[in-house]
Amino acid sequence: MEREFDPSKIEAKWQKKWEEAKIYEVDLKKAKDPYYALVMFPYPSGDKLHVGHWYNFAPADSFARFMRMKGKDVLEPMGFDAFGLPAENYAIKSGIHPDTSTRSNVQTMVKQLKRMGCMYDWSKVVNTSTPEYYRWTQWLFLQMYKHDIAYKKEASVNFCPKCQTVLANEQAQDGTCERCGTAIVQKSLAQWFWKITQYAQRLLDGHAHLDWPEKTKLMQENWIGRSEGINFREHVKDLNIEFEVYDSIPQTFLAQTFTVIAPEHPLVPQLVAGTSYEKPVMEFVERIRRKKLAEKFKIDEEAEGIFTGRFVENPFGTGDLPIWVCSYVLADYGTGIVNCSAHDERDFAFAKKYGIPLKVALLPKDPVLAEKVKKLEVFYREPDGVIQTPEVALGMTWEQSRKRIIDYIEQKGYGTTKVHYRLRDWLISRQRYWGAPIPIVYDPEGKPHPIPEKHLPWLLPEDVEFKPTGKSPLTYSKEFIRRTEKLFGKGWTPEFDTMDTFVCSSYYYLMYLAAEGFGMQAPHFSETADGRSERNHLVDPHVEHTWMPVSMYIGGPEHACMHLIYARFVMMALKDFGFVSHEEPFKKLVHQGLITHKGAKMSKSKGNVVSPDAFIERHGSDVFRMYLMFMGPFTDGGDWSDTGIKGIGRFVKRIHALFSEKLNKKVDQSSVIAALHRTVKKVTKDIEDLHFNTAIAALMEFLNLLEAEGGVSKETAKTFALLLGPLAPHLAEELWEMLGQKGFVIEQHWPSFDEALTRASTLMIAVQVNGKLRGEIAVDAGAGKETVIAQAKEHPNVKKFLEGQKIKKEIYVTGKLVSLVV
RNA sequence: GCCGGAGUGGCGGAAUUGGUAGACGCGCACGACUCAAAAUCGUGUGCCGCAAGGCGUUGAGGGUUCGAUUCCCUCCUCCGGCACCA
């Protein structure tokens, strides 16, 4: 009867049975109670699945299994974010085509993923690098183009000298390349952008309905950077030039003494044309431009500037303002021109450096400090400072005065309120090979034309050289150019850039829904019987309506301001275009924590990477994933320990031993039944909250009790096996079979519990005297306050402390403790 | 600099509408089995004590309370994010 416990054998056995029974395949059209459980799909790298993948996928799968046992129709798909730089860099090094290496990596990863034993629906795989997939990436571009969201413009853009490509703002967050860490430089290039800025407000407003970590929403808010202020319309003295100036602290508007303009601003040459200032100013502009090209622009570097010889005619009668070109002014925020006062730290420092006069509009209450501020010896701006001008806000604090002054400015017609965002349009062009070609061709005059949908997929050419020349590799494809001329005519040229891979991942959650029945081939719709094409629909509207938004999305927090913003934007756009019915893609979002080793982030260079393979070989997938979940709270991550996993190994062996040797009870004692119901209650709640660590601890505790009892009844064992179902799926099946049960564990109902049975008949009550624990008494569950307190006073040790004392206060916390104060 | 989050045994961590701090596991010590080791099992594991029991304790200091890891104030440390946005 006793069976040898060999995890690798039983895991292979159940994986085979699951696959044969197709129990994880979901009929999207028939689902009644859909639950879409999604993890951020992996990049198919040549390295194997690492611990980070496991830490994301395995607990996510446990949660999905739990939902399935709770009766939901759960879709848990898996796919590959397969375009991108690593495959291309590998091709440069090895000569192996990215398509070849990617396909082989995908194959390897599928094999590894299957060993995890997750309930992936392998009939709906997506791979973003296949023509069947990127055909829709290109379709998405065409829709964006058609609806005027995609546009091309010459702009100063972030360029990574190492990756030899431009990057989106989001991918250059701290002035370095998101991929390789190289310092970003600025380049002026004609590139394709998507107008994500048009959605800035909706991206902010949408947060209200999302069950996301507050931290993530906050990061997106900061990134979008909404700022409300005043736009002033101003005129340049002696010239027929007008411009707008954005001011987010309009409190100072009467104390402004000079104006600064960004070096890249197109008005700069006009301001100085034909004057003696032209030469030095344009030289200054060129010097700053070169500086930005050569290196990452340093924040802490001192501001530089030069006077243009021009003045703004000040409409408030407070004197004309000299216009300076200034290195710290950003060309693409606000209007690129700013009016300055003494109450902005940088303006203050700049004016001091160049001897520009300043006026004071705000004074501190402290008279000593006020004297210093008046003499412009120190910079000052505090919320409780007192406003000196304008008259209408006199005496108000900096904070209070804001609204009053804005109202005043609008009333007087000096300016209008205006909202600005820090968010910039999404630069989606990349000068790389391994991506989806942008479906645009240029006529002989250089005017762009969208490629008609019937020519999609617009295939990525094969005959290219993988060399980082700074030019798009597609430029070197003869076939690509021939193809273009053949289709569109002589002198026509294709767009040589490919799309940012974040475009591919911005809608993949919809593609799983469209991938039904096409397996690895990926999604497309066939022509209808009467020959009309249905291909203008990315995804079946009914399926989309039923399954979106994603019920639970799990992935790393590093995507807060990239993928998670792009995906929301694309979903909103698709809704506006009429292709989907929802506007938010991810209803609930959870970030798993980071797994470290020896206190540091795992990396090859540090040599502290933990390979899951050896541990899986030895302990099996169930033990490995349970250990990851047991380490600590899912959202916290943890530090990997080679020895810690042994505890879970023992736990699993002990369970197996119990089931094979100790199913010896007809009926369990009532104390065991009570513990069982408490365990069901706790495990249910813990998995709902993604507190896998404490769920496992509760099961361990229960096992300890069963062992102490010397055995277990079959009924209790059945429940125990079901509780293990989400956490250790293979083991649970094996136990289920050992109990002689039919069907798969995943098809059973999640055990329920009886609240009344979770309560024990006798309670242990702690007794405190003056807040210190002095004893413990056993009382009847139904006993009232008087009885319990009387009993507490009889406890010998408590008695000792009450001796000769007068009791001032008696407190009874029902079912927990008695506190006596003497 | 600004905005978040967190500090609990040798280690990972548990417990917060204020109610027995240290569940569960690792490690360690001793014991059993063994020629021996591994594995396994048992006992112990904040400090003092053979024990009954006592004392201490959740980064530091203070406060509220019968009672504080939990609430309030001050400070320290660590982690994450943003940072020329006028």
Side-chain angles (χ1 to χ4, degrees), chain A residues 173-175 213-216 218-223 225-227 229 245-250 252 256 259-260 262 297-303 326-330 332-341 343-350 420-423 557-558 560-561 591 594 627 630-633 635-651 653-654 657 682 691 693-704 707 764-776 796-797 800 807-822:
Chain A
Q173 282 192 20
D174 55 354
E214 286 307 316
K215 194 185 157 154
T216 310
L218 200 69
M219 279 167 71
Q220 292 202 342
E221 267 170 46
N222 289 338
W223 186 253
R226 185 181 201 273
S227 147
V245 175
Y246 177 63
D247 193 348
S248 71
I249 47 161
T252 61
Q256 289 165 345
T259 296
V260 289
F297 202 69
K298 291 182 194 73
I299 298 158
D300 30 335
E301 204 165 308
E302 209 177 315
C326 177
S327 64
Y328 66 73
V329 184
L330 301 169
D332 48 3
Y333 182 72
T335 61
I337 310 176
V338 185
N339 286 347
C340 304
S341 78
H343 300 291
D344 177 89
E345 203 158 6
R346 283 154 317 167
D347 296 349
F348 183 84
F350 186 80
H420 282 271
Y421 301 92
R422 235 179 284 194
L423 186 71
E558 67 276 11
C561 294
H591 299 304
L594 184 71
Y627 174 59
F630 186 63
M631 279 169 72
T635 51
D636 286 8
D639 198 60
W640 174 267
S641 142
D642 285 357
T643 53
I645 194 171
K646 278 200 238 170
I648 301 289
R650 288 175 190 152
F651 173 53
K653 274 185 203 148
R654 281 163 52 205
K682 173 128 183 82
H691 294 164
N693 55 333
T694 48
I696 293 168
L699 289 171
M700 285 174 168
E701 237 172 307
F702 188 54
L703 177 67
N704 290 346
E707 283 182 338
M764 294 308 285
I765 303 288
V767 184
Q768 294 182 340
V769 180
N770 281 353
K772 279 194 187 291
L773 184 68
R774 294 303 177 189
E776 220 178 0
N797 197 47
K800 204 169 90 192
I807 295 176
K808 282 199 273 184
K809 210 167 177 184
E810 296 174 344
I811 295 150
Y812 175 51
V813 181
T814 314
K816 291 220 166 126
L817 65 69
V818 170
S819 183
L820 303 170
V821 188
V822 297

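Chain naming here is simple, since letters A, B, ... match the order of the sequence lines and numbering starts at 1 in each. For clarity, every value in this text was computed on a predicted model and none was experimentally measured.
- Among the atoms of the strands shown, only primed sugar atoms or phosphate atoms (P, OP1, OP2) are found under 4.0 Å from some heavy atom of A/D347.
- The aromatic rings of A/W640 and A/Y627 stand perpendicular to each other, their planes meeting at an angle above 60°, with 30° marking the opposite boundary.
- Of all heavy-atom pairs between A/W223 and A/C561, the closest is CB-SG, 3.6 Å.
- Taking the six-membered ring where tryptophan is involved, the planes of A/Y333 and A/H420 are tilted, since the angle between them lies from 30° to 60°.
- Each of A/L820 and A/T335 lies near RNA chain B, and the nucleotide nearest A/L820 is the one positioned closer to the 5' end.
- Among the atoms of the strands shown, none is found under 4.0 Å from any heavy atom of A/E345.
- Nucleic acid contact class of A/K646 (heavy atoms, under 4.0 Å, all strands): sugar-phosphate only.
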Open item on the list: Return a single string for nucleotides 51-59 of chain B, one symbol per nucleotide in 5' to 3' order, where B is base contact, S is sugar-phosphate-only contact and - is none, cutoff 4.0 angstrom on heavy atoms.
Closed with: --SSSS---

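- To the nearest 0.5 Å, atom CD1 of residue A/I696 and atom CE of residue A/M631 are 11.5 Å apart.
- In terms of position on RNA chain B, the residue among A/C340 and A/W223 whose nearest nucleotide sits closer to the 5' end is A/W223.
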Tabulate protein N/O versus nucleotide N/O from nucleotides 69-71 of chain B, keeping only pairs under 3.5 Å, one per line.
none

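- Distances were taken from every side-chain heavy atom of A/L218 (C-beta onward) to each of B/G25, B/G4, B/C66; the shortest belongs to B/G4.
- At B/G25, none of the side-chain N or O atoms of A/R650 fall inside 4.0 Å of OP1 or OP2 (strictly under the cut-off).
- Helical stems involving RNA chain B, defined as 3 or more consecutive Watson-Crick or G-U pairs under 3.5 Å, span B:1-7 with B:76-82, B:10-12 with B:24-26, B:27-32 with B:40-45, B:46-48 with B:53-55, B:59-63 with B:71-75.
- Distances shown here put a side-chain N or O of A/Y333 below 4.0 Å from the OP1 or OP2 atom of B/A86.
- Put simply, CG on A/N693 and NE2 on A/H691 are 7.5 Å apart, with the number rounded to the nearest 0.5 Å.
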Open item on the list: Using a 4.0 Å heavy-atom cut-off to protein, can you give one letter per nucleotide of nucleotides 7-19 of chain B, 5' to 3': B if the base is in contact, S if only the sugar-phosphate is, - if neither?
Closed with: -----BSS----B

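- B/G9: glycosidic angle within 90° of 0, hence syn.
- By the side-chain hydrogen bond (donor to acceptor under 3.5 Å, both in side chains) test, A/E707 is found to be paired with A/R654, residues two or more places apart in sequence or in another chain being considered.
- Within the 4.0 Å cut-off from OP1 or OP2 of B/G25, at least one side-chain nitrogen or oxygen of A/N704 is found.
- Here A/S248 reaches the OP1 or OP2 of B/A86: one of its side-chain N or O atoms lies under 4.0 Å away.
- By the salt bridge (charged side-chain N to carboxylate O under 4.0 Å, His left out) test, A/D636 pairs with no residue at all, sequence neighbours left out.
- The phosphate of B/U40 has neither OP1 nor OP2 within less than 4.0 Å of any side-chain N or O from A/R654.
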